[in-house]
Amino acid sequence: MSRLRFQISMSLDGFIAGPNQSVENPLGEGGEDLHEWVIALEAWRKPHGRDGGEVNASTEVVEASLENVGATVMGRNMFGGEGPWGDDPWDGWWGDDPPFHTPVFIVTHHPREPVAKEGGTTFNFVTDGIESALEQARDAAGGKDVALGGGANVAQQYLKAGLIDEMQIHVVPILLGDGARLFDNLEGANVALETTRAVEAPGVTHITYRVTAGS
């Protein structure tokens, strides 16, 4: 069975987005600083249609994270917006040619017809829970792995349910002080983490964990 792999950039004090998130500022105040390390990389810029970029110790990490991914699951907030879709629904943050190039399954309370984009990305909206979204993503992935895109709420749901197989945290040496914390709302979770790899790179440390049920 394909693995569910989750990766996220996180501040040293545990936040994956800053405070006061909004449509104009989706990562919150200071949240964009969590991603400076990857936006500078050629390995990130090329799939997003941008020229140039650095090659450093993060390059192999990013390239490996994109390998063998056949579908993606994400929460509604990461797609964009909140509440009912309305008569003229917004197509989210990702533009006409999103970087996924595979089917994406959005966990939401509000039904909507699939949205097809350029480059092979189709956004599908799942209203019957995280297990259904993962099952549909695995079917679409055709034996490849499924990437869990976040944000914090949906990641916590999958982690608490014991459905994540691998977690890669890109620890950025900044302190946000407030915002969306990755490891909140996990009361009662039966989770154990085994470190399988750590890579130091400019502006970030990449730590990979195997996720198993705790004792």
Side-chain angles (χ1 to χ4, degrees), residues 3-19 21 25-41 43-44 47-48 57-69 71-80 92-94 98-100 102 104-107 130 133-134 137 145-186 189 191 193-211:
R3 299 176 300 160
L4 180 60
R5 295 159 42 191
F6 174 59
Q7 63 166 326
I8 197 74
S9 290
M10 186 178 77
S11 68
L12 199 58
D13 52 350
F15 296 99
I16 62 174
Q21 291 174 264
N25 194 10
L27 295 176
E29 296 171 6
E32 291 187 2
D33 294 344
L34 294 172
H35 304 279
E36 287 186 354
W37 68 270
V38 71
I39 292 173
L41 291 179
W44 182 90
H48 288 77
S58 291
T59 296
E60 189 275 333
V61 174
V62 171
E63 290 176 343
S65 73
L66 300 175
E67 292 177 352
N68 199 45
V69 173
T72 298
V73 174
M74 67 173 63
R76 166 66 186 275
N77 286 346
M78 186 170 178
F79 172 78
W93 312 112
W94 301 99
F100 306 101
T102 61
V104 179
F105 296 84
I106 314 297
V107 179
I130 61 171
L134 179 56
D145 291 340
V146 175
L148 176 59
N153 182 273
V154 75
Q156 291 159 7
Q157 292 183 58
Y158 276 103
L159 188 60
K160 192 169 185 177
L163 295 173
I164 297 177
D165 299 295
E166 181 182 282
M167 183 163 57
Q168 187 174 72
I169 299 179
H170 311 294
V171 181
V172 181
I174 63 173
L175 302 175
L176 290 179
D178 196 4
R181 193 186 295 274
L182 178 58
F183 293 116
D184 279 347
N185 306 311
L186 296 176
V191 175
L193 304 176
E194 177 189 352
T195 305
T196 59
R197 190 183 187 197
V199 177
E200 294 184 11
V204 64
T205 300
H206 310 282
I207 307 174
T208 305
Y209 301 94
R210 181 180 295 114
V211 186

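Every heavy atom of this structure was used, including side-chain atoms; hydrogens, water molecules and symmetry mates were not. For reference, positions follow the sequence shown, starting with 1. Please read these numbers as outputs of a predicted model, since none were measured by experiment.
Between Val107 and Ala133, the closest heavy-atom pair is CG2-CB, 3.7 Å. The two residues Thr102 and Val69 come nearest to each other via the heavy atoms CG2-O, 3.8 Å. Nearest heavy atoms, Ala43 versus Leu66: O-CD1, 4.4 Å. The two atoms that bring Phe100 and Thr72 nearest to each other are CD2-OG1, 4.0 Å, heavy atoms only. Across all their heavy atoms, Arg76 and Ile106 have their closest contact at CA-CG2, 3.8 Å. Residues Ala71 and Ala137 come closest through the heavy atom pair CB-O, 3.4 Å.
Looking at heavy atoms from C-beta onward, Val204 lies out of side-chain contact with Val171 at the 4.5 angstrom threshold. In this structure the side chain of Phe15 never reaches within 4.5 angstrom of the side chain of Leu34, judged on heavy atoms. In this structure, Asp33 and Val172 have side chains that are not in contact, with every pair of non-hydrogen atoms separated by 4.5 Å or more.
Residues passing the side chain to side chain donor-acceptor pair (under 3.5 Å) test with Trp94: none are found, sequence neighbours excluded. Trp44 is linked by a ring pair (Phe, Tyr, Trp, His ring centres under 6.0 Å) to His48, counting only residues two or more places apart in sequence or in another chain. With sequence neighbours excluded, the residues satisfying ring pair (Phe, Tyr, Trp, His ring centres under 6.0 Å) with Phe79 are Trp85, Phe123, Phe125. Scored by the side-chain contact (heavy atoms from CB on, under 4.5 Å) test, Ala189 finds Lys160, Leu186, Val191 as partners (sequence neighbours excluded).
In terms of modelled atom types and a separation under 3.5 Å, the side chain of Asp13 and the main chain of Gly177 share a donor-acceptor contact. Within the 3.5 Å criterion, the main-chain N or O of Leu27 finds no donor-acceptor partner in the side chain of Gln21.
Once rounded to the nearest 0.5 Å, the distance linking CE of Met10 with CZ of Phe183 reads 5.5 Å. Ser9 contributes atom OG, which lies 12.5 Å from atom CD of Glu32 (distance to the nearest 0.5 angstrom). Remark: Leu4 CG to Glu166 CD distance equals 10.0 Å, nearest 0.5 Å. Rounded to the nearest 0.5 Å, atoms CH2 (Trp37) and CD1 (Ile39) are 10.0 Å apart. The OH atom of Tyr158 sits 9.0 Å away from atom CD1 of Ile164, with the distance rounded to the nearest 0.5 Å. Atoms CD and CD1, on Gln7 and Ile207 in that order, are 13.5 Å from each other to the nearest 0.5 Å.
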Per-pair distances, 0.1 Å, donor-acceptor, side chain in residues 145-155, under 3.5 Å, sequence neighbours excluded:
residue, atom, partner, partner atom, Å
Asp145, OD1, Arg3, N, 3.0
Asp145, OD2, Arg3, NE, 3.3
Asp145, OD2, Arg3, NH2, 2.8
Asp145, OD2, Arg5, NH1, 3.0
Asn153, OD1, Gln157, NE2, 2.6

Side chain to side chain contact (heavy atoms under 4.5 Å, CB included) evaluation trace for Val211 with Phe6: CA-CA 10 Å; Val211 186; Phe6 174 59; over 6 Å; no
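Pairs of residues two or more places apart, or lying in two chains, that qualify as side-chain hydrogen bond (donor to acceptor under 3.5 Å, both in side chains) and include a residue from residues 201-210 are Ser58-His206, Gln168-Thr208, His170-His206, Glu194-Arg210.
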